[in-house]
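Notes for the one structure printed next.
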Amino acid sequence: MLWSRPLHLRSGSQAMAVASGCLVVAERHSRLVRLDPRSGAQLWAQRVEDCWGTAVIAGERCLYLSQAGVLHCFDLDNGQRLWSTPGMSLRYYVSVSGSVVWLGGWRGYHPLMRVALADGTCLPSGGACVCWSRSTCLAAVGSLEARR
């Protein structure tokens, strides 16, 4: 073992994001920290609502969706909070494609939402059709009319 760090909590694996040379994890019930994966040294820390959310690294940004429903975007290099968008529902999954952050899909209870990566504004659905089978998203492309 190279290093260890007490997180002072037990959260899920979704509260940790890993990318080349980057490690971001929620700890101490209300902090998101970036650690040096080689040494374990803390590079930055930011306060968040809770430690049971979802962390994602997308390029030079780190996204954290808290269980309280606030989507945060941080500069991955220095931890500066770039924007925060409240009002997101509990237990969304987070995925990034290009300039769009996709949220939703937890067990099919929540429809997919689109948010702009640049500033956190909600985007229109653009006619996307999302079909659910139990907890699996079958399709999120095109419109329902085009499928008929």
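Since the structure is predicted, the reported quantities are computational estimates derived from the model, not experimental observations. Heavy-atom basis, side chains included; hydrogens, waters and symmetry copies ignored. Nothing fancy with the numbering, it's 1 onward along the sequence.
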Yes or no on side-chain contact (heavy atoms from CB on, under 4.5 Å) for Val25 and Val33, after CA distance, side-chain angles and deciding distance? CA-CA 6 Å; Val25 64; Val33 297; 3.7 Å; yes

Can you spot which of Leu76, Leu82, Asp75, Val56 makes a side chain to side chain contact (heavy atoms under 4.5 Å, CB included) with Cys62? Leu76

When rounded to the nearest 0.5 angstrom, what is the spacing between SG in Cys51 and CD in Glu27? 9.5 Å

Sequence neighbours left out, what passes salt bridge (charged side-chain N to carboxylate O under 4.0 Å, His left out) with Asp77? Give chain and number order. none

Pairwise distance CG(Leu32) to CH2(Trp44) - rounded to 0.5 angstrom: 4.5 Å

Could you measure the distance from the CZ atom of Arg47 to the CZ atom of Arg31? Nearest 0.5 Å is fine. 8.0 Å

Residues in side chain to side chain donor-acceptor pair (under 3.5 Å) with Ser84, at least two apart? His72

Please enumerate all residues that pass side chain to side chain donor-acceptor pair (under 3.5 Å) together with Gln46, with sequence neighbours excluded. Arg81

Could you tell me which non-hydrogen atom of Leu103 sits nearest to which non-hydrogen atom of Met88, and how far apart they are? CD1-SD, 3.5 Å

Restricting to non-hydrogen atoms, name the atom on Gly53 and the atom on Gln14 that form the minimum distance, rounded to 0.1 Å. O-CG, 3.1 Å

Minimum heavy-atom distance Arg38-Gly21, with the two atoms named: NH1-CA, 4.3 Å

Residues Leu43 and Leu35: closest non-hydrogen pair is CD1-C, 4.1 Å

Keeping the roles fixed (side chain from Thr54, backbone from Val94), state whether a donor-acceptor pair exists under 3.5 Å. no

Would you compute the distance between atom CG of Leu23 and atom CD1 of Ile57 and round it to the nearest 0.5 angstrom? 7.5 Å

Tell me the closest heavy-atom pair linking Trp83 and Leu117, and the distance in Å. NE1-O, 3.0 Å

Are Val24 and Val48 linked, directly or through other ILVMFWY residues, by side chains that come within less than 4.5 angstrom of each other? yes

Can you list the residues that meet the ring-ring contact (aromatic ring centres under 6.0 Å, His included) rule with Tyr64, with sequence neighbours excluded? none

Quick one: do Met113 and Val96 end up in the same hydrophobic cluster if we chain Ile, Leu, Val, Met, Phe, Trp and Tyr together by side-chain heavy atoms under 4.5 Å apart? yes

What's the verdict on side-chain contact (heavy atoms from CB on, under 4.5 Å) for Arg114 and Trp102, showing C-alpha distance, side-chain angles and the deciding distance? CA-CA 5 Å; Arg114 296 178 344 133; Trp102 289 89; 3.3 Å; yes

Results of side chain to side chain donor-acceptor pair (under 3.5 Å) for Thr121 - residues two or more places apart only: Asp119

Please list, chain by chain and in numerical order, all residues satisfying side chain to side chain donor-acceptor pair (under 3.5 Å) with Gln80, sequence neighbours excluded. none

If you take all heavy atoms of Cys22 and Pro37, which pair is closest and at what distance? N-CG, 4.0 Å

